[in-house]
Number of protein chains: 2
Amino acid sequence: MKKVGLKDIAEHVGVSIALVSYVLNGQAEIKQVSKENAEKIKKAAELLNYRPNQIAKSLKMHKTHTIGLVVADINYRYSTGITRAIEAEAKKKNYTVLFGSSNENEETFAELVDALINRQVDGLILVPVENSQDQIRMLQKAEIPFVLIDRNFPEIKTNHIALDNYKAAYTATEYLIKQGHKRIAFVNYKTTLFHLQERNRGYLDALKNNRIEFNAAWLKEVNSSNRTADIQRSIDEILGLDDPCDAVFFATDTLSINGLKYLNQLKTNIPGQISVLSFDESEAFELFYCPVTHLRQPVEAMGKAAVDTLLELINHNKISKQISLMSDLVTGRSCRE
Amino acid sequence: MKKVGLKDIAEHVGVSIALVSYVLNGQAEIKQVSKENAEKIKKAAELLNYRPNQIAKSLKMHKTHTIGLVVADINYRYSTGITRAIEAEAKKKNYTVLFGSSNENEETFAELVDALINRQVDGLILVPVENSQDQIRMLQKAEIPFVLIDRNFPEIKTNHIALDNYKAAYTATEYLIKQGHKRIAFVNYKTTLFHLQERNRGYLDALKNNRIEFNAAWLKEVNSSNRTADIQRSIDEILGLDDPCDAVFFATDTLSINGLKYLNQLKTNIPGQISVLSFDESEAFELFYCPVTHLRQPVEAMGKAAVDTLLELINHNKISKQISLMSDLVTGRSCRE
DNA sequence: TTAATTGCTTTAATCGTTTAAAGTAATAAC
DNA sequence: GTTATTACTTTAAACGATTAAAGCAATTAA
């Protein structure tokens, strides 16, 4: 079955292609197409099962009604949540989402961004990876509409939407302190990513402002390429201190899932021996024998904000938005009361 | 910064557009372009930062080098796994993946398929939802290359790639029997989806062939729109029998996660009181106090097979493939030994 | 010397749309 | 009866690429 185009409808009805185009684009009224022809054209389109060729339309209109989304890793809970939220919002606005996962790899990230641009997406929503600054600057120079989400680079002025990571970490740490913990460990990735560093800062400031003297052995930085081993060593260390830690705060869901697995292996009693708190969410947290207290990110709001901001940019409004959102502390039973 | 096209390069160098196109498509040799011009053209393309407009190319070539993927629900573990696998394989073959999630909704499914076709994807990989038969038949009539994955309709002859669900359920049930279980419950969704019904059949046949008399109270069918309550009632019932079940086999990860949550709430001892086995995988399974024994689907192989089959369809037409894959039983500690 | 060949380049049609501009026939105005 | 207006419809040029086919020198062959 060969593809039917405007031409086929035009021939079938016996009018010109233009007329068909007008009618099918709802311009029948303003182009004063006769009711008779309008009717015939609609019928024929239906009959022949016409489907507009978006490619041709895009070429002519210089608009694809598509936005590109690059997440850091599709296996993250955050990624599926944000993808769903962005898709839902985009659909409402009649946009399609083209999607890719960089797997935290700088080159894959660049390739994806390139591929999306070549496909003429109208704009991009990006979760940038470490060292992708040049790529971001390139987008700015090329004047391609984009918004960063989840992460941003403080040295580059961009439109971005992210959690207030400092405040989230601060609040959570303070929560642990209020629960009576005195020796709180913080396990984070070793990274230059600003949003994760902000979590360190929040943790440290909360300790300081609550007059808890920080012990350098409490802050653990895990190398993502050696995650499992590093986490195990970190946990061994914080539990093996002369004054062992009585709480551990994980900076991401991936860290805590790994960590919990090891704590299980050690048959550690949570929260009896040590309290656990984590950033992000995971279905595993609910299923854990003591549901894990965690900081839930407002992915729906983020997704909506990202799409809305991007569409403003696409529609030529020179806007500058840096949106900061708050996380919810979802209390489980993994923290001593 | 305005977009640079072949024309800009041609003007910059002082040659025709055709020459530029030949050089940039690696046809310099066979079109016998002079080394001098070829060199100049390449330099100019670099200098002007030329990016081919894939939209224009697609229009001309009637090929977008894009495949559309519709998963059932991006929140399923299966979906992220298969998406990743398909993306990786597609990338190897130089295809891009356009992606959507139907959320198990028939209309959303139809809309997504439509949108992808309008975008002129070269073919589709689909996880069809309940009652999407008409949509599938429409694709066949329109001769659009597609392959079904995970699920299929026995009444429609299609190319599809899926687990051997019967055998998987059979093997797992038999495993439980071999471990000495006598009263094995099976919790599935109430559905017309063939692949889930096959799981019922495998469960039932395993009982029969092992001379265990089936008790109708063991087979529970959960309504997905009332999942949590239905699961809880099911579990109450199988535990409340005169002869309570000593094992429960969940037909999907979503069912077992919900079920385990409730079993936790009841403070049931797994596997002491009841053994648990599940289809699919989940990070929650690993983190559960007794890692959950489960049937892992070979998503990488499936993704590869799906892409390979689809590309064959796209390129050479007329093949017929029904690929059946085997699952692995990953043994945790949730089954009595 | 003329014709054929080789080496390289340009012309122009095409893909399926959109849309300004021009065309046409019927009716209304003067 | 001529001109203007109205009510439609068609023509044709884009959009940015690909690629047969044609064009044009310079070289070789007859």
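Order of the sequence lines sets the chain letters (A, B, ...), proteins ahead of strands, with each chain counted from 1.
- Partners of B:Lys91 by salt bridge (charged side-chain N to carboxylate O under 4.0 Å, His left out), not counting sequence neighbours, listed by chain and number: A:Glu111.
- Rounded to whole Å, atom P of D:dA7 lies 13 Å from atom CD of A:Glu29.
- Of the inter-residue distances, the one linking B:Phe99 atom CZ with B:Ile125 atom CD1 reads 12.0 Å to the nearest 0.5 angstrom.
- In this model, no donor atom of one side chain and acceptor atom of the other lie less than 3.5 Å apart for B:Thr66 and B:Arg119.
- B:Asn118 is linked by a side-chain hydrogen bond (donor to acceptor under 3.5 Å, both in side chains) to nothing, counting only residues two or more places apart in sequence or in another chain.
- Rounding to whole angstrom units, CG of residue B:Leu6 and C1' of D:dA17 are separated by 6 Å.
- Atom-to-atom distance recorded for A:Asn159:CG and A:Ile149:CD1 is 12.0 Å, nearest 0.5 angstrom.
- Remark: P of D:dC8 and CD1 of A:Ile41 are 13 Å apart, rounded to the nearest angstrom.
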Is there any protein nitrogen or oxygen under 3.5 Å from a nitrogen or oxygen in nucleotides 5-8 of chain C, and what are the pairs?
none

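- When rounded to the nearest whole Å, the span between CG of A:Leu24 and P of C:dT18 equals 8 Å.
- Considering only side-chain N and O atoms, B:Ser21 lies under 4.0 angstrom from the phosphate OP1 or OP2 of D:dT18.
- Among the protein residues, B:Ile55 comes within range of no part of the nucleic acid, since none of its heavy atoms lies under 4.0 Å from any strand.
- Remark: B:Leu59, B:Lys60, B:His62 in residues 56-64 of chain B come within less than 4.0 Å of DNA chain C through at least one heavy atom.
- At a threshold of 4.0 angstrom between heavy atoms, the contacts of B:Gln54 with the nucleic acid are absent.
- As a whole-Å value, the separation of B:Asn53 CG from D:dA14 C1' is 14 Å.
- Rounded to whole angstrom, the span from the CZ atom of A:Arg119 across to the P atom of D:dA17 amounts to 15 Å.
- When each of C:dT18, C:dT11, D:dT10 is scored by its nearest atom to the side-chain atoms of A:Asn25, the top-ranked nucleotide is C:dT18.
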N/O donor to acceptor pairs below 3.5 angstrom from side-chain atoms of residues 303-310 of chain A, sequence neighbours left out:
unit_1: A:Lys304; atom_1: NZ; unit_2: A:Glu89; atom_2: OE2; d: 3.4
unit_1: A:Lys304; atom_1: NZ; unit_2: A:Asp308; atom_2: OD2; d: 2.9
unit_1: A:Asp308; atom_1: OD1; unit_2: A:Lys93; atom_2: NZ; d: 2.6
unit_1: A:Thr309; atom_1: OG1; unit_2: A:Ala305; atom_2: O; d: 2.6

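- One atom, NZ of A:Lys3, and another, P of C:dG16, lie 9 Å apart when rounded to the nearest Å.
- Residue-to-nucleotide contacts include a donor-acceptor pair under 3.5 Å from the side chain of B:Tyr22 to the base of D:dA20.
- Following rounding to the nearest Å, A:Lys7 (NZ) and C:dT18 (C1') show an atom-to-atom distance of 17 Å.
- Rounding to the nearest 0.5 angstrom, the gap separating the CZ atom in A:Phe153 from the CD atom in A:Glu130 is 8.5 Å.
- Between the NZ atom of A:Lys63 and the CG atom of A:Asp122 there is a distance of 5.0 Å, given to the nearest 0.5 Å.
- Residue pairs meeting the salt bridge (Lys or Arg N to Asp or Glu O under 4.0 Å) criterion with at least one member in residues 34-44 of chain B: none, sequence neighbours excluded.
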